[in-house]
Amino acid sequence: MARILLVTGGARSGKSTHAEARTLALGRPAHYIATAEIWDEEMAARIALHQARRGPEWTTHAEPLDLVKVLRATDDAPRLVDCLTLWLTNLMLGERDWEAAAKALLASLPDLAAPVVFVSNEVGLGIVPDNRLARDFRDAAGFLNQWVAAAADEVIFTVAGLPMKVK
């Protein structure tokens, strides 16, 4: 089974930068599996920022929905999946069964050979959202993070750019 690492934290906590460094430490070249979709100009700018930070040691794969497929196709080098919460967003907004997709992802991990680093936002530390979709998303993200953390060999929580080992 591949080594699995989960890096979680709040927005702008340094989780992606930390995850990128950890992934490259596992071997080069590496695969960057991007789950974000461009919905507007602001999202395009965020994606461009991430792309500008990465160097030539990365091969980028844009995959907003089928993580199992892309993980199997890239099982020749370390992978960074950035990020699970955007993947979850894509599934939920597309009215797909996110729980079935998450269970399929978790079931695929034992068959992988190369390491996988997952990035995910911790969204459950704030107030209870005022609408049903936001509450459903917060709950789903919490369950997804718990399930991936249980399967992971290591879990890092980032705060203010500082990584803290949780598991």
Side-chain angles (χ1 to χ4, degrees), residues 2-20 22-23 26 30-40 42-51 53-54 58-75 77-112 114-126 129 132-158:
R3 177 170 166 71
I4 306 298
L5 169 63
L6 172 63
V7 180
T8 188
R12 296 289 183 242
S13 64
K15 60 190 174 297
S16 291
T17 302
H18 181 76
E20 289 166 7
R22 289 293 302 271
T23 304
L26 294 168
H31 298 285
Y32 192 103
I33 300 169
T35 62
E37 293 188 281
I38 298 174
W39 301 306
D40 54 31
E42 186 268 341
M43 193 62 173
R46 285 177 179 267
I47 291 169
L49 179 68
H50 273 246
Q51 290 171 335
R53 187 175 58 224
R54 297 194 300 268
W58 293 97
T59 300
T60 301
H61 307 268
E63 182 49 64
L65 295 170
D66 197 345
L67 286 185
V68 173
K69 177 184 79 174
V70 74
L71 285 171
R72 287 183 177 145
T74 59
D75 203 16
R79 281 77 50 92
L80 170 59
V81 175
D82 197 356
C83 79
L84 288 175
T85 40
L86 282 173
W87 175 65
L88 177 63
T89 298
N90 299 336
L91 293 169
M92 290 181 77
L93 291 179
E95 298 182 356
R96 296 177 181 243
D97 185 344
W98 72 266
E99 287 185 63
K103 289 175 183 175
L105 173 64
L106 293 166
S108 75
L109 297 180
D111 299 329
L112 301 176
V116 182
V117 177
F118 290 104
V119 173
S120 190
N121 289 287
E122 178 51 61
V123 298
L125 296 174
R132 171 128 192 197
L133 178 60
R135 287 189 300 274
D136 288 347
F137 176 78
R138 181 210 48 195
D139 294 347
F143 288 125
L144 179 60
N145 285 346
Q146 287 182 55
W147 299 339
V148 174
D153 300 296
E154 185 177 0
V155 177
I156 301 294
F157 184 71
T158 55

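Quick note: numbers below take in every heavy atom, side chains included, and nothing from hydrogens, waters or symmetry partners. For clarity, every value in this text was computed on a predicted model and none was experimentally measured.
- Of all heavy-atom pairs spanning Val155 and Leu5, the tightest one is N-CD1, 4.4 Å.
- Shown here for Val7 and Ala19, the closest heavy-atom pair between the two residues is CG2-CB, 4.1 Å.
- Taking CG of Leu84 as the reference point, atom CD1 of Ile33 lies at 10.5 Å (rounded to 0.5 Å).
- Closest approach of Arg79 to Thr74, counting heavy atoms only: CD-O, 2.9 Å.
- Listed by first and then second residue, the side chain to side chain donor-acceptor pair (under 3.5 Å) pairs that reach into residues 89-108 come to none, sequence neighbours excluded.
- Residues meeting the ring-ring contact (aromatic ring centres under 6.0 Å, His included) test with Tyr32, sequence neighbours left out: Trp58.
- With respect to Asp136 and Arg132, a salt bridge is recorded, a charged nitrogen being found less than 4.0 Å from a carboxylate O.
- No donor-acceptor pair under 3.5 Å is formed between the side chain of Trp147 and the backbone N or O of Ala102.
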Would Leu26 and Val117 count as a side chain to side chain contact (heavy atoms under 4.5 Å, CB included) if you check the C-alpha gap in whole Å, the side-chain angles of each, and the deciding distance to 0.1 Å? CA-CA 10 Å; Leu26 294 168; Val117 177; 4.0 Å; yes
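- The closest side-chain heavy-atom distance from Met43 to Glu37 is not below 4.5 Å.
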Begin from the C-alpha positions of Val119 and Leu80 and carry the test side chain to side chain contact (heavy atoms under 4.5 Å, CB included) through to its verdict. CA-CA 8 Å; Val119 173; Leu80 170 59; 3.7 Å; yes
Assess whether side chain to side chain contact (heavy atoms under 4.5 Å, CB included) is satisfied between Asp82 and Thr35, documenting all intermediate values. CA-CA 6 Å; Asp82 197 356; Thr35 62; over 6 Å; no
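- Contact between Thr158 and Ser13 at its shortest, heavy atoms only, is OG1-OG, 2.7 Å.
- Across every non-hydrogen atom of Ala107 and Pro110, the tightest pair is O-CD, 3.3 Å.
- Taking the side chain as every heavy atom from C-beta outward, Pro129 and Arg138 approach each other to under 4.5 Å.
- Here the side chain of Asn121 pairs no donor or acceptor atom with the backbone of Val123 at under 3.5 angstrom.
- Between Glu122 and Lys15 there is no salt bridge, since no side-chain nitrogen of the basic residue lies less than 4.0 Å from a carboxylate oxygen of the acidic one.
- Atoms CH2 and CG, on Trp87 and Leu105 in that order, are 5.0 Å from each other to the nearest 0.5 Å.
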Run the side chain to side chain contact (heavy atoms under 4.5 Å, CB included) check on Phe137 and Leu88 step by step: do they pass? CA-CA 8 Å; Phe137 176 78; Leu88 177 63; 3.7 Å; yes
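- Looking at heavy atoms from C-beta onward, Leu65 lies in side-chain contact with Glu63 at the 4.5 angstrom threshold.
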Using side-chain hydrogen bond (donor to acceptor under 3.5 Å, both in side chains), reason through Arg54 and Thr60 one step at a time and then give a plain yes or no. CA-CA 10 Å; Arg54 297 194 300 268; Thr60 301; 3.3 Å; yes
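- Here Arg46 contributes atom CZ and Asp40 contributes atom CG; the two are 9.5 Å apart, rounded to the nearest 0.5 Å.
- Formation of a donor-acceptor pair under 3.5 Å by the Asp75 side chain with backbone atoms of Ala114 is found in this model.
- Put simply, the side chain of Asn145 never gets that close to the backbone of Thr8: no donor and acceptor are under 3.5 Å apart.
- Heavy atoms only, all atoms of each residue included: Leu71 and Leu112 are closest at O-CD2, 3.9 Å.
- Within the 4.5 Å cutoff, side-chain heavy atoms of Leu6 are placed close to those of Ser120.
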